[in-house]
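Here the structure comes first, spelled out in structure tokens, and everything after it is commentary.
All values derive from a computational prediction rather than experimental measurement.
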Amino acid sequence: MTADTLPAATPRSRRRRRVRRLTTRDKVVVSVMLGIPLLLDLAFVWFPALGTVFLSFTKWTGVGGIHLKGCTTGTTLPGIPQRSGCLYGVQNYKNAFDSAVTPEFWPAVRHNLTWLLVFIVIATPLGMLFAVILDRGIRGSRIYQSVLFLPVMLSLALIGIIWEFVYAPDVGLINTVIGHNHQNNLIDWLGNPRLNLWAVLLEATWRQAGYVMVLYLAGLKAVDPALKEAAVIDGANAWQTFWRVVFPVLRPINIVILVVTVIESLRAFDLVYITTKGNVSKGLEILSVLITQNSVGETQRVGFGAALGVVLLVISLVPISTFLYQQFRSEEKR
């Protein structure tokens, strides 16, 4: 049989030959490079997440073991279960949704959704505006970019301390400027339930806008200049060029920013806790604070805190999953 009459190698046979060429050392390297990140992901993400879901169905105080037995009714002390670590079913979720048992739950959900709405309606468009202006190459754009990105570089603890001085009733910057720093006309920005949430949201927006600006600025730098030039030649103005040409190209960045915005708004904790020195007053109830207070607070209701954590996880997954599903579906139609 000559070389001309030999059967041509199929793609499958070529693929098999390439796999067989991997040496033992190559296989070890690949296994290590894939195995270590996978183990870390399982250990620090999936195992705690699944463990939290399991704990949400128990009545555990964090002390003692967990056993697969039903809980007995009644308590020896307020908040201390008679049998710790027992299976509690969905009672933790019922207690969370019951306003008579947990009056802080629904206000916390409402405040988290308000946080998300402010991030989407104010912080994200503001960061986009900053990015568009800086992308035009105005004079001193590097200085403006550094100043706007500075809040992102600062720790949340430092941001909370800075704004604590700004909101101080007697010597704070705002009250001093508007002339409300006297005993008869003080404005308690962080103690008034009608003002404290919006005051903390101003802190969060100050930081989030700079973060969104950097993401959009990176996306704008990657846009092909030929698209903008073609739009200008066709007679489009700056507004039409951005919304009809540039913004659709930023679809991957928009997805990333939406996911980041949802995560940042629903896991909000640091600014509230630091600004109020841990004494979270009425008007600032958020789910992350409730989870912390029940998990590591005086009551030590770890099972109930885990149930609140699962509720927060579900709330965060709903908008993210819906948006990603619509985006992937629209791409498939194309």
Could you go step by step and tell me if Val152 and Gln208 meet the side-chain contact (heavy atoms from CB on, under 4.5 Å) rule?
CA-CA 7 Å; Val152 184; Gln208 183 70 10; over 6 Å; no
Start with the C-alpha gap between Val311 and Phe97, add the side-chain angles, then the distance that decides, and say whether side-chain contact (heavy atoms from CB on, under 4.5 Å) holds.
CA-CA 10 Å; Val311 172; Phe97 296 145; 4.3 Å; yes
Worked check of ring pair (Phe, Tyr, Trp, His ring centres under 6.0 Å) between Trp189 and Trp198:
CA-CA 9 Å; Trp189 295 98; Trp198 303 106; over 10 Å; no
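Atoms NZ and CG, on Lys94 and Asp98 in that order, are 10.5 Å from each other to the nearest 0.5 Å. Atom OG1 of Thr102 is separated from atom CG of Leu308 by 7.0 Å, given to the nearest 0.5 angstrom. Interatomic distance, CZ of Phe304 versus CG of Asn92, reported as 7.0 Å (0.5 Å rounding). Between the OH atom in Tyr211 and the OG1 atom in Thr261 there is a gap of 9.0 Å [rounded to 0.5 Å].
Counting only distance, with no hydrogens or angles, the side chain of Ser56 and the backbone of Val53 share a donor-acceptor pair below 3.5 Å. Under a 3.5 Å cut-off, the side chain of Asn254 and the backbone N or O of Leu250 do form a donor-acceptor pair. The main-chain N or O of Asn185 is found under 3.5 Å from a side-chain atom of His180 such that the two form a donor-acceptor pair. Listed for the Ser141 side chain is no donor-acceptor partner under 3.5 Å among the backbone atoms of Gly137. Ser321 contributes no side-chain N or O that, together with a main-chain N or O of Val318, makes up a donor-acceptor pair within less than 3.5 Å. Side chain of Asn175 to main chain of Ile187: a donor-acceptor pair is present (N/O by atom type, distance under 3.5 Å, no hydrogens or angles). With hydrogens and angles disregarded, no donor-acceptor distance shorter than 3.5 Å links the side chain of His111 to the backbone of Ile286.
Between Trp60 and Leu55, some side-chain heavy-atom pair lies under the 4.5 Å cut-off. Here the side chains of Val260 and Val212 are not in contact, with every heavy-atom distance at 4.5 Å or above. Trp163 is not listed as a side-chain neighbour of Val200, based on a closest heavy-atom distance of 4.5 Å or more.
Within a 6.0 Å radius of CZ in Phe105, more than 12 heavy atoms belonging to other residues, nucleotides or ligands are found. Other residues, nucleotides and ligands contribute more than 12 heavy atoms inside 6.0 Å of the CZ atom of Phe149. Counting non-hydrogen atoms of other residues, nucleotides and ligands closer than 6.0 Å to CD1 of Ile143 gives a total of 12 or fewer.
No donor-acceptor contact under 3.5 angstrom links the side chains of Asp135 and Tyr216, judged on distance only.
Ring orientation note: the planes of Tyr93 and Phe57 are tilted relative to one another, at an angle of 30° to 60°. Classification of the Phe269-Tyr273 ring pair by plane angle, with boundaries at 30° and 60°, yields parallel.
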